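As the structure is a prediction and not an experimental result, all values here were calculated from the model. Just so you know, residue 1 is the first one in the sequence shown, and it goes up from there.
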Amino acid sequence: MCGIAGFTQFHQQQGSIESLKAMGERIFHRGPDAGSEYLTDKIGLCHRRLAIIDLSEAGVQPMKSADEQIIISFNGEIYNFLELREELIEEGFEFKTNTDTEVILALYQSMGIKLLDKINGMFAFAIWDNIKQELFIARDRIGKKPLYYSFFNNDLVFASELKAMLALPSIPKDIRLDAVHDFFAYQYIPDPKTIFQGIHKLEPGHYLLVNEQGLNKQQYWDISFAKQTKHSEPELIKELQQLAGDCTAKRMVSDVPLGAFLSGGVDSSGVVALMAKQAEKTNGEAITTCSIGFDEEKFDETKYAAMVAEQYSTEHYKLIVQDNVEDNLEHIVSFFDEPFADPSLVPTYFVSQLARQKVTVAIAGDGGDEVFAGYEKYSADHMENNLRNKIPAWIRTKVFPTLANVARSININVCQRASSLLTSLSVEPAMGFYISNSFIKDATWQTLINDKTKVELGDYHPSKLTTDFYNQCDGKDHLSRILYTDMKTYLPGDILVKVDRMSMANSLEVRAPILDYKLMEFACTIPSELKFNTNKSKPEKKYLLKEAFKDYLTDDILYRKKMGFSVPLASWLRNELKSITEERLLNREHGLCDFFKKEQITELWHEHKAESKDNATVLWSMLMFQMWWDHYMETNKV
């Protein structure tokens, strides 16, 4: 795992070796083992290395091909590089290192950009072709590794993290207003937008070609739900077990210490079980596992993690997050180059910190919920859709909006929930999915924003992101469409951003077997009723995955109530984080106050503090936005 950055200089000079070093220094945490630069009159590349495979100096990047005409700066891991290496040797290629980086170089020389069809891994890389005078940049299919870029005056600047781009004085920091609205709706800013105008994220499964004539962006992969398998349930279980085992084994190749995150949930527990099975076949060494817990029992899963650790005799470590949140929060938030408000960023940072004390690579269970329908929101959506289908459309569209407004005016939790349900039922399924899962109600947003913001936003609404992907899906049923939507939005925009930034903050590489694209493609052929099985007396989420893991895990793990990686947010804001929240929300002249009415911010805070309303979600988003603003817009820290 590493950090990359660079620029083209087709039309004007962008920087110097010192500029590249400054960009690399901004992302030092991504690769503390080594750093290097490459500069010509047309291209500048820099690289920070976290050595995982072939720890020798031969693996230092940017790396050149044997004829020195192709140069690469690469972040990530290619899991099938050994097989590809053998194929290339048969073609006549010779290798000086044991790295996957050199394999990508050879593949490019062999087949050009079609190499993307061959490699299986997590990656973002930049390849400069000195013969073609062209820069080729690509991001992995799922979006595990980040890539930011800007294209001004026909030249490109790019980096693994936005902060590296901001090392160049030519990069402006002009706020993109619709991205602010997106942030409060989703708690993150979705691809391809960023918080800044003119700076973009390269979407998962896309590549860029940049030359003197301009920039060309293309999509090379997408997930499909169109084909449904006719295999029987027992056959599918065996196929899933085999595929999950293979994907896990591939991710256990490392020249440095390797372990796992273990929450005690189905996904991480299943992955640890598969790791233990693989270890039995090879070296037989105990797996190192790490878990995080909280003082409040309803948020603490460590007892379940301990059960799995005992079952598989892992070398297990745990940390209870107690009084160290406020002391570390500003440092943690500083690793997000944009506003980001998923509260589980806090435990993700601490479990990464704990793991890095023991290992350099951690394997995680990320992706199980999105790929196999594990979130509680899918149950809620199923119930809403059942109601939507049973109630005549004229009642839903004409009567429910009025009832929702009446319920919203009554300050009782049950009425507020009823208002949200009625609003969701009054619209079509795609919009209903957005409403049920948005982190700010339209009424709250309209009350908060000032007149200037309202005018500049016009009729923009964040729901378009959700509804567009829902309608773009080639699957025929509703569950397939919302799973596709989450795979294109929530997974790369929230989950993978959180894991990447918090693990890289601790110079830790994290790998996710369930997000192997071949496993995902297989899962998308599984009928929806075998993912979320509604035929049982009690509908079962993640049904087939649980059936596949039955050979490895006890019912106490498989069928307990899902907790997720949640935190005691409402309590934090009223207690441990009270002073920092009040300071940031009520005593700043810029940031939130550039977009919101200060009196409305104050009202939301006092309602929450007095426990007359639970405004924790929107207040946390506000706190994260203001802390980001203070770090990136008001200081010279970046």
Side-chain angles (χ1 to χ4, degrees), residues 162-163 166 171-190 193-199 325-326 329-343 345 438-462 569-570 572-574 576-610 612-638:
L162 204 155
K163 60 173 67 70
L166 298 178
I171 301 297
K173 294 196 292 186
D174 300 322
I175 297 296
R176 180 169 178 163
L177 193 56
D178 61 344
V180 176
H181 197 175
D182 288 342
F183 164 70
F184 281 93
Y186 293 104
Q187 292 192 327
Y188 63 91
I189 296 170
K193 297 178 190 176
T194 73
I195 190 63
F196 296 126
Q197 299 176 35
I199 303 179
V325 177
E326 183 179 11
L329 191 58
E330 186 160 3
H331 175 68
I332 293 171
V333 172
S334 72
F335 288 98
F336 293 94
D337 297 342
E338 305 178 84
F340 185 86
D342 182 337
L345 65 90
S438 172
F439 290 92
I440 192 166
K441 295 183 177 69
D442 282 351
T444 304
W445 175 259
Q446 292 300 326
T447 301
L448 272 171
I449 58 174
N450 57 35
D451 292 340
K452 182 173 182 291
T453 301
K454 190 173 295 187
V455 170
E456 290 184 4
L457 275 174
D459 61 357
Y460 175 76
H461 199 274
L569 196 55
W572 276 2
L573 292 172
R574 292 189 182 109
E576 186 177 349
L577 299 180
K578 178 181 174 182
S579 60
I580 191 174
T581 305
E582 284 193 330
E583 178 198 355
R584 301 297 178 117
L585 268 54
L586 307 185
N587 297 317
R588 291 291 189 274
E589 293 302 318
H590 292 288
L592 290 169
C593 289
D594 290 334
F595 312 101
F596 295 159
K597 301 168 191 170
K598 193 161 189 175
E599 63 272 19
Q600 293 298 327
I601 299 172
T602 304
E603 182 177 337
L604 283 174
W605 171 244
H606 287 306
E607 285 175 346
H608 184 79
K609 192 169 63 169
S612 60
K613 274 189 178 180
D614 183 353
N615 296 325
T617 299
V618 67
L619 288 170
W620 174 259
S621 294
M622 287 181 175
L623 176 61
M624 293 297 97
F625 185 90
Q626 190 64 53
M627 292 183 76
W628 169 83
W629 182 282
D630 291 348
H631 187 82
Y632 279 83
M633 303 298 289
E634 296 288 353
T635 74
N636 293 316
K637 294 177 182 177
V638 181

Salt-bridge criterion met for [X] and [Y] (N-O under 4.0 Å):
| X | Y | value |
| --- | --- | --- |
| K597 | E603 | no |
| R588 | E634 | no |
| E582 | K578 | no |

Side-chain heavy atoms of [X] within contact of [Y], under 4.5 Å:
| X | Y | answer |
| --- | --- | --- |
| M622 | L604 | yes |
| K193 | R176 | yes |
| K441 | T444 | yes |
| S334 | H631 | yes |
| F595 | L177 | yes |
| M627 | R584 | yes |
| F196 | L166 | yes |

If I compare all heavy atoms of [X] with all of [Y], which pair ends up nearest, and what's the gap?
| X | Y | result |
| --- | --- | --- |
| D182 | P462 | OD1-CB, 3.4 Å |
| P343 | Q187 | CD-OE1, 3.9 Å |
| D614 | A570 | OD1-CB, 4.0 Å |
| E326 | S579 | OE2-OG, 3.1 Å |
| K598 | E589 | NZ-OE2, 3.9 Å |
| L448 | I601 | CD2-N, 4.1 Å |

(request) Evaluate side-chain contact (heavy atoms from CB on, under 4.5 Å) for R574 paired with K609, printing each intermediate quantity in order. (result) CA-CA 6 Å; R574 292 189 182 109; K609 192 169 63 169; 5.5 Å; no

Counting only N and O atoms by type, is there a donor-acceptor contact under 3.5 Å from the side chain of [X] to the main-chain atoms of [Y]?
| X | Y | value |
| --- | --- | --- |
| T447 | A443 | yes |
| D178 | L457 | no |
| D174 | Q197 | no |
| W628 | D337 | yes |
| E576 | V325 | yes |
| W605 | L585 | no |

(request) Quickly, which of L623, T617, N615 forms a side chain to side chain contact (heavy atoms under 4.5 Å, CB included) with L619? Name it, please. (result) N615

(request) Determine, step by step, whether F439 and V618 satisfy the side-chain contact (heavy atoms from CB on, under 4.5 Å) criterion, reporting the C-alpha distance in whole Å, the side-chain angles of both residues, the deciding distance to 0.1 Å, and the verdict. (result) CA-CA 7 Å; F439 290 92; V618 67; over 6 Å; no

(message) For the OH atom of Y632 and the NZ atom of K173, what is their distance to the nearest 0.5 Å?
(response) 9.5 Å

(message) Quick check for you: to the nearest 0.5 Å, what is the distance between Q600 atom CD and T602 atom OG1?
(response) 9.0 Å

(message) I want to know whether F184 and F596 have ring centres closer than 6.0 Å.
(response) yes

(request) Walk me through it: do W620 and D342 pass the test side-chain contact (heavy atoms from CB on, under 4.5 Å)? (result) CA-CA 9 Å; W620 174 259; D342 182 337; over 6 Å; no

(request) Quick one: sort the Y186 and Y188 rings into parallel, tilted or perpendicular, breaks at 30° and 60°. (result) tilted

(request) Using the six-membered ring wherever Trp is involved, compare the ring planes of F183 and F625 and label them parallel, tilted or perpendicular (cut-offs 30° and 60°). (result) tilted

(message) H590 vs W629, test: ring pair (Phe, Tyr, Trp, His ring centres under 6.0 Å). Steps then yes/no.
(response) CA-CA 8 Å; H590 292 288; W629 182 282; 7.3 Å; no

(request) State whether a side-chain donor-acceptor pair under 3.5 Å links D630 with Q626. (result) yes

